Amino acid sequence: VLPAEVWHTAYLQRVYPQADGKVLLAFTSDPAQCSYSRSPKYHAITVGQNSVTADGLRAMHSAALTAYAMGRQVSIAFDDATSNCYVNRLIIRES
């Protein structure tokens, strides 16, 4: 199965920084294309995965926290090739 870029838009339920530097995002609704086995499904922002750099991770983490605090929806682009659903881009949506 070839990876495909998938977009998902929803409100954030969790912004979960990890000790290894990655950030996990969970949403109020789960996209079917993410094969993570639990609900809510986590989407990982990880340096070196899906073209994410350290600066990109910091920027997306900051934007995710801003959207969460403001009660705004976000759209993410993620790779559906693994159950980690690696994020590549994040947009704060105007409500």
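Computed from a predicted structure; not experimentally measured.
Note on W7 and L90: separate hydrophobic clusters, where clusters join Ile, Leu, Val, Met, Phe, Trp and Tyr whose side-chain heavy atoms are under 4.5 Å apart, directly or indirectly. Cluster membership for I91 and V87, using ILVMFWY side-chain heavy atoms within less than 4.5 angstrom, is not shared. Cluster membership for I76 and V23, using ILVMFWY side-chain heavy atoms within less than 4.5 angstrom, is shared. Note on F27 and V6: same hydrophobic cluster, where clusters join Ile, Leu, Val, Met, Phe, Trp and Tyr whose side-chain heavy atoms are under 4.5 Å apart, directly or indirectly. Using a 4.5 Å cut-off between side-chain heavy atoms of Ile, Leu, Val, Met, Phe, Trp and Tyr, with links allowed through other members, Y42 and L12 fall into different hydrophobic clusters.
In terms of heavy-atom proximity, C85 sits nearest to S35 at SG-N, 3.8 Å. Heavy-atom minimum distance, C34 versus K41: O-NZ, 2.6 Å. The two residues A64 and L25 make their nearest non-hydrogen contact at CB-CD2, 3.9 Å. Taking all atoms of both residues into account, the shortest heavy-atom contact from Q13 to P40 is OE1-CG, 3.1 Å. When all heavy atoms of A44 and T46 are compared, the closest pair comes out as CB-OG1, 3.6 Å.
Between the CD atom of Q73 and the NE2 atom of H8 there is a distance of 9.0 Å, given to the nearest 0.5 Å. Rounded to the nearest 0.5 Å, atoms CG (D80) and NE2 (H43) are 10.0 Å apart. For the atom pair CE of M60 and OG of S62, the computed distance is 11.5 Å after rounding to the nearest 0.5 Å.
Counted by atom type alone, S51 and N88 present zero donor-acceptor pairs between their side chains at under 3.5 Å.
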Run the side chain to side chain contact (heavy atoms under 4.5 Å, CB included) test on E5 and F78 for me, step by step, so that the C-alpha distance in whole Å, both residues' side-chain angles and the decisive distance to 0.1 Å come before the verdict.
CA-CA 6 Å; E5 180 178 273; F78 69 93; over 6 Å; no
Verify side chain to side chain contact (heavy atoms under 4.5 Å, CB included) between V52 and I45, making sure each step is shown before the conclusion.
CA-CA 7 Å; V52 172; I45 306 172; 4.2 Å; yes
For side chain to side chain contact (heavy atoms under 4.5 Å, CB included), just list the numbers for V74 and R93, CA-CA rounded to whole Å, side-chain angles, deciding distance to a tenth of an Å, and then say yes or no.
CA-CA 5 Å; V74 299; R93 307 299 295 192; 5.5 Å; no
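Taking a 6.0 Å sphere around OH of Y68, one finds it holds 12 or fewer heavy atoms contributed by other residues, nucleotides or ligands.
Between the side chain of D79 and the backbone N or O of A81, at least one donor-acceptor pair lies under 3.5 Å.
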